[in-house]
Amino acid sequence: MTEKNETALTEAKINKLKSWSPVWIIPLVTLLIGAWILYYHFSHQGPEVTLITYNAEGIEAGKTKIKSRSVDIGLVESVTLDSNFSRVIINARLDTGMNELLRADTAFWVVRPQIGKEGVTGLGTLLSGAYIELQPGLTGKEKDEFNLLDSPPLASPDAKGIRINLVSERAGQLNAGDPVLFRGYQVGSVETSEFNIESRDMHYQLFIKAPYDKMVTSNVRFWKDSGIAFDMSSSGVRVEMASLSTLFSGGVSFDVPAGWLPGEQIAPKTEFKLYDNEKSIQNSLYTDYRSYIMFFSDSVRGLQAGAPVEFRGIRMGTVVQVPYYTKGMQQTLDKDFRIPVLIHVEPERFANDVGESFDFVKEITSASNNGLRASLKSGNLLTGALYIDLDFYPDEKTWEGPQEVAGFQQIPTVSSGLAQIQQKVMTSLDKINNLPVEPMLKEMTATLSESQKAVSEAKETLKALNAMIGSDEFRNLPNDIQQSLKEINRSMQGFQPGSPAYGKMINNMQQLDQVLREMQPLLKTLNNKSNALIFEAKEGKDPEPKRAEK
């Protein structure tokens, strides 16, 4: 028994362990749940977008929301600077199912309180803070990087209408948001303005909403429409006032020029030229022209490029360049020096008045030989603007100069009417200046002195005659002599002091003396400056007394 028990105690039972334990069920389930949560989180995450801007004012990571039509669709996750520290990179996450909103024409912008042409906007962000608005795109491939705009686009991608481009050589004429007008009625707005460095001109994009987009045809012209426009040219003074919407900010207008057909419909993104004003679009209608050159001996001050060229009030062309110099033109600086002016004559302007069969080039050549001359005339006395007038001068000699100069046909010129009048006035003033003024004054003064002396002698004679008539010897004279002396006495009493004739004579002599005294400064001024009647003479310095000699 003892040995058996000892043997039983020394033998151990060997049992095989199982490959897994029920205890591992809990961590495995936890792992599966975690994996499912991660999968669900990432599989149900919306698209990530990157927004690029240069100022992240009011945008905070984890707080700034992204909205579309006032519905929350995303949240800003991070706001950092790029590697060059020049831009702000904003990473945002949209909600699930928002992939279709991200297209090439999708727009993002920051909504803040703003005061603009349309009034005050974004007042709701004063309490909630700024947020990012998303405008869904409709065309193009999916995109995940966009520029963050400071203001909303003026027209949504799904807005019906047409977008066109304008080109201008001058910058600063239009700004985004300026109205587009058709005969004073707003039909669209300016969307963008950009300066092209390569072409060195301004490019504007306009959006014209439907149904007014049908009025934009191939024959329309666009021009800058300012609030109040003053035009002081050779044609006179013009004041134009546009609609109230363009009174302060300006805008752009378009229309078909008078007399033209509407034209055909255009394709989107068609390019047009932006003119400075409505008046300038009329000049763009005449594309056919002939170049002529003129040489003026008068001053061309006031004659500018764009001034009209007229024939008896009918416009024929336009001044192109003042003065115009090119190779091969040589002159001597003397009294015969003339200033060349290049003009363009548009035959279409004149054909409307004389008929389409009018051969302009032939008629100009023939007319120049028959007395047709060009002259400078004043178009505006306030500004001194000049224009070129063509007319016939029968008294002019036959033109014997060259027909062509520097490759342009030459039109002879004459001095303007103002220059002729000025020349005649100067000639008359020279004659006045050559008059013997001082001898005339001396003779008139001597005549006045002799007249005064004669009056004094007449007084003495009358006094002696009165004394003789009252004497006794007078009674002893014959009656005929007495009667003659009495008549002489009666005649001379009309010129004695106190009589009307005497007073009138003295008054005339005093007036003559006053006129002579008043004429002396005028004659002295004319003697020093012969053109003082036309041009103001400068006042001379006051005379300074000489000091006494020691």
Side-chain angles (χ1 to χ4, degrees), residues 105 138-139 153-171 173-196 198-226 229 240 242-243 245-246 250-290 306 315-318 320 344-353 356 360:
D105 55 353
L138 299 177
T139 60
L154 300 174
S156 60
D158 57 347
K160 294 182 179 180
I162 188 172
R163 285 179 169 85
I164 60 173
N165 296 325
L166 296 183
V167 179
S168 174
E169 296 179 356
R170 298 174 57 187
Q173 289 189 302
L174 297 175
N175 298 312
D178 289 344
V180 179
L181 307 176
F182 178 81
R183 299 181 182 178
Y185 182 76
Q186 184 171 352
V187 297
S189 57
V190 180
E191 289 189 320
T192 61
S193 61
E194 181 182 0
F195 182 77
N196 192 314
E198 297 180 356
S199 58
R200 298 185 179 182
D201 52 16
M202 287 295 300
H203 289 254
Y204 303 100
Q205 180 174 294
L206 276 60
F207 177 76
I208 301 173
K209 57 187 177 182
Y212 310 108
D213 56 338
K214 297 180 180 179
M215 296 185 297
V216 184
T217 58
S218 57
N219 286 342
V220 299
R221 295 292 186 272
F222 291 82
W223 67 88
K224 177 71 171 63
D225 197 354
S226 57
E240 298 179 356
S243 62
S245 60
T246 62
V252 57
S253 294
F254 71 95
D255 201 348
V256 178
W260 276 39
L261 297 176
E264 301 177 354
Q265 292 293 323
I266 62 171
K269 302 294 185 179
T270 301
E271 190 172 280
F272 291 89
K273 180 181 178 181
L274 178 63
Y275 293 92
D276 292 335
N277 48 56
E278 185 178 4
K279 181 182 177 181
S280 61
I281 69 173
Q282 297 296 331
N283 299 330
S284 67
L285 305 181
Y286 304 100
T287 57
D288 183 22
Y289 60 86
R290 303 289 186 274
R315 182 160 184 174
M316 300 177 60
T318 307
V320 178
H344 283 172
V345 177
E346 295 93 0
E348 296 177 355
R349 293 181 182 269
F350 209 60
N352 296 332
D353 298 292
E356 297 181 355
F360 189 85

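Given the structure is predicted, the values throughout are model-derived calculations rather than measurements.
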Neighbour count >12 (heavy atoms, 6.0 Å) for atom CD, Glu271: yes
Gap between atom OH of Tyr204 and atom OG1 of Thr192 - 0.5 Å precision: 10.5 Å
For Ser168, side-chain hydrogen bond (donor to acceptor under 3.5 Å, both in side chains) partners two or more places apart: Gln173
Distance, nearest 0.5 Å, that separates CD of Glu346 from CE of Met316: 9.5 Å
Check: Ile266 and Val220 side chains under 4.5 Å, non-hydrogen atoms: no
Ring pair (Phe, Tyr, Trp, His ring centres under 6.0 Å) partners of Phe195, counting only residues at least two apart: none
Inter-residue atom distance Phe207.CZ - Ile162.CD1, 0.5 Å rounding: 9.5 Å
Smallest separation among heavy atoms of Met202 and Ser193, with atom names: CE-CB, 4.2 Å
From CA spacing to verdict: side chain to side chain contact (heavy atoms under 4.5 Å, CB included), Trp223, Asp255: CA-CA 9 Å; Trp223 67 88; Asp255 201 348; 3.9 Å; yes
Which atom pairs, one a donor and one an acceptor, fall under 3.5 Å between side chains of residues 211-218 and the rest of the protein, sequence neighbours left out?
residue	atom	partner	partner atom	Å
Tyr212	OH	Tyr185	OH	3.4
Thr217	OG1	Pro262	O	2.3
Ser218	OG	Glu264	N	3.1

For Gln265, all residues meeting side-chain hydrogen bond (donor to acceptor under 3.5 Å, both in side chains), sequence neighbours excluded: none
Heavy-atom side-chain proximity of Phe222 to Leu206 below 4.5 angstrom: yes
Interatomic spacing from NZ in Lys160 to NZ in Lys209 - rounded to 0.5 Å: 14.5 Å
Residues which pass side-chain hydrogen bond (donor to acceptor under 3.5 Å, both in side chains) with Asp201, listed by chain and number, not counting sequence neighbours: Ser199, His203
Residue pair Arg315 / Gly306: nearest heavy atoms and the distance that separates them: NH2-O, 3.8 Å
Nearest-0.5 Å distance, CZ of residue Arg221 to OG of residue Ser253: 15.0 Å
CD-CG distance between Glu191 and Leu174, expressed to the nearest 0.5 angstrom: 13.0 Å
Asp178 side chain to Val190 backbone, donor-acceptor under 3.5 Å: no
Beyond-backbone contact of Gln205 with Lys269, side-chain heavy atoms, under 4.5 angstrom: yes
Residues forming a side-chain hydrogen bond (donor to acceptor under 3.5 Å, both in side chains) with Arg200, sequence neighbours excluded: none
